[in-house]
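Each chain gets a letter, A, B and so on, in the order the sequences are listed, and its residues count up from 1.
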Protein chains: 2
Amino acid sequence: MRKHVLLYGLLAGALIAALRLIEYRWLVLEHSVEIYGGLVAAVFASLGIWLGLKLTRHTETVVVREVEVPAPVSFVRDQSKVDSLGITPRELEVLELIAAGLSNKEIAERVYVSENTVKTHSSRVFDKLGARRRTQAVQLGKELRLIP
Amino acid sequence: MRKHVLLYGLLAGALIAALRLIEYRWLVLEHSVEIYGGLVAAVFASLGIWLGLKLTRHTETVVVREVEVPAPVSFVRDQSKVDSLGITPRELEVLELIAAGLSNKEIAERVYVSENTVKTHSSRVFDKLGARRRTQAVQLGKELRLIP
DNA sequence: CCCAAAATCATCCGTTCGGATGACGCGCGT
DNA sequence: ACGCGCGTCATCCGAACGGATGATTTTGGG
């Protein structure tokens, strides 16, 4: 910005000097002062426009348009409900895998325990949730924000 | 923008006319042509700066800021997937009730059909979804946006 | 009216699930 | 050392589920 003003000043000075140098020649050549004035006007108008552009190039009006977005809704487990229901980590893990659509056998293989153990965990978590079926347990688990 | 250019042109014309009018008086008053030129330069430079400012004053930068909203994300069924999978309305209804945690028997009572019919619908929708268990069907159904 | 799709109901059979119950080991805090 | 919570594994049994298949009725569009 300041650089531009300085440059403009220098250019203006140089131009004025140049104009004064050729001024007499124009006069000698019997050209009217009008042409001289027009030339000066054109040159300085151009310079002015250029300077104006330079001065304001970075003064943009920033328009912030806020757009509502569906939001990824990051899941946060309701630990208080987990605690109040007395659901253990293992039970919660099994519940998550049930929600993922795995069978007891698949869950057993996934977590390296016997299918019987998975059944025990699931039965306990069903009991704590008051669910009679795994689909119901999943539904309740999601409702209570125990699982995503 | 165009309005400004036009206005500038008119002003310039008027100024030139005005200058020409007073030009002779200045000459009569024995003032040098340098002063006249300086005046013209100053006026047109100002005009140019003003025009430059007008030309660029309204360059707006639109910044789109995405605002995450807890958004209840109103569920919209992906009908295209429903169609491409060839899932019928009744099958979809049964799938929803399965996702709600109901047993086949409860679903049968809810929609006033026999449990066998519910089993048929569920079997078909499992087949179309490539699911082997109802929990898996629910998971896939939610993933594919067939059910909320 | 006729056809195709959808909906309904059924039977058989094997698998999975859920409930009830008992038992064992491990870590932790009193 | 003892009790307790947790995780683990097991057995038995009935209920629920899923697959395969066949049949009938209803419905919507050409």
Side-chain angles (χ1 to χ4, degrees), chain A residues 77-144 146-147, chain B residues 77-144 146-147:
Chain A
R77 168 163 295 131
D78 189 343
Q79 194 59 43
S80 65
K81 286 209 185 68
V82 174
D83 295 340
S84 65
L85 290 172
I87 297 177
T88 70
R90 206 54 159 169
E91 289 164 358
L92 209 48
E93 187 181 6
V94 168
L95 180 58
E96 281 180 7
L97 294 174
I98 287 177
L102 276 63
S103 70
N104 287 340
K105 187 169 202 164
E106 289 168 340
I107 296 173
E109 290 166 356
R110 178 80 69 95
V111 298
Y112 307 111
V113 296
S114 81
E115 189 180 343
N116 287 316
T117 303
V118 175
K119 286 187 61 179
T120 302
H121 288 315
S122 61
S123 282
R124 292 216 174 108
V125 82
F126 292 168
D127 189 48
K128 289 169 182 175
L129 285 175
R132 307 186 135 275
R133 288 165 289 284
R134 40 179 55 212
T135 48
Q136 195 181 3
V138 169
Q139 155 73 5
L140 290 171
K142 286 179 182 291
E143 244 179 45
L144 298 174
L146 307 179
I147 54 178
Chain B
R77 170 162 295 133
D78 189 341
Q79 193 59 42
S80 65
K81 285 208 187 68
V82 174
D83 295 339
S84 65
L85 291 173
I87 297 176
T88 70
R90 203 57 156 170
E91 288 164 357
L92 209 48
E93 187 181 5
V94 168
L95 180 59
E96 280 180 8
L97 294 174
I98 287 176
L102 276 62
S103 70
N104 286 341
K105 188 169 201 166
E106 289 168 341
I107 296 173
E109 291 166 356
R110 178 80 70 93
V111 298
Y112 306 113
V113 296
S114 81
E115 190 181 343
N116 287 315
T117 303
V118 175
K119 286 186 61 179
T120 302
H121 287 316
S122 61
S123 283
R124 286 200 214 282
V125 82
F126 292 170
D127 189 48
K128 288 170 182 174
L129 285 175
R132 309 189 127 274
R133 287 165 290 285
R134 40 178 56 215
T135 47
Q136 194 180 5
V138 169
Q139 155 73 4
L140 290 171
K142 286 179 182 292
E143 244 180 43
L144 299 175
L146 307 179
I147 54 178

Interatomic distance, [X] [atom1] vs [N] [atom2] [rounded to whole Å]:
X       : N      : atom1 : atom2 : result
B/Leu92 : C/dA5  : CG    : C1'   : 17 Å
B/Leu97 : D/dA16 : CG    : P     : 17 Å
B/Leu95 : D/dC17 : CG    : C1'   : 15 Å

Side chain [X], main chain [Y], donor-acceptor under 3.5 Å:
X        : Y        : answer
A/Ser123 : A/Lys119 : yes
B/Glu96  : B/Glu93  : no
B/Glu106 : B/Ser103 : yes
B/Thr117 : B/Val113 : no

Is there a side-chain contact (heavy atoms from CB on, under 4.5 Å) between B/Ile107 and B/Ile98 once you walk through the steps?
CA-CA 8 Å; B/Ile107 296 173; B/Ile98 287 176; 3.6 Å; yes
Along nucleotides 6-17 of chain C, 5' to 3', which nucleotides get a B, which get an S, and which get a -, given that the test is a protein heavy-atom distance under 4.0 Å?
SSBBBB-----S
If the test is side chain to side chain donor-acceptor pair (under 3.5 Å), which one of A/Lys142, A/Glu143, A/Gln136 qualifies with A/Gln139?
A/Glu143
Measuring from A/Leu129:CG to A/Leu85:CG, what's the distance to the nearest 0.5 Å?
6.0 Å
For the helix from C/dC1-D/dG30 to C/dT30-D/dA1, what angle lies between the axis at the first five pairs and the axis at the last five pairs, to 10 degrees?
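End-to-end axis angle for the helix from C/dC1-D/dG30 to C/dT30-D/dA1: 50°, rounded to 10°.
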Can you tell me if B/Arg132 has over 12 outside heavy atoms packed within less than 6.0 Å of its CZ?
no
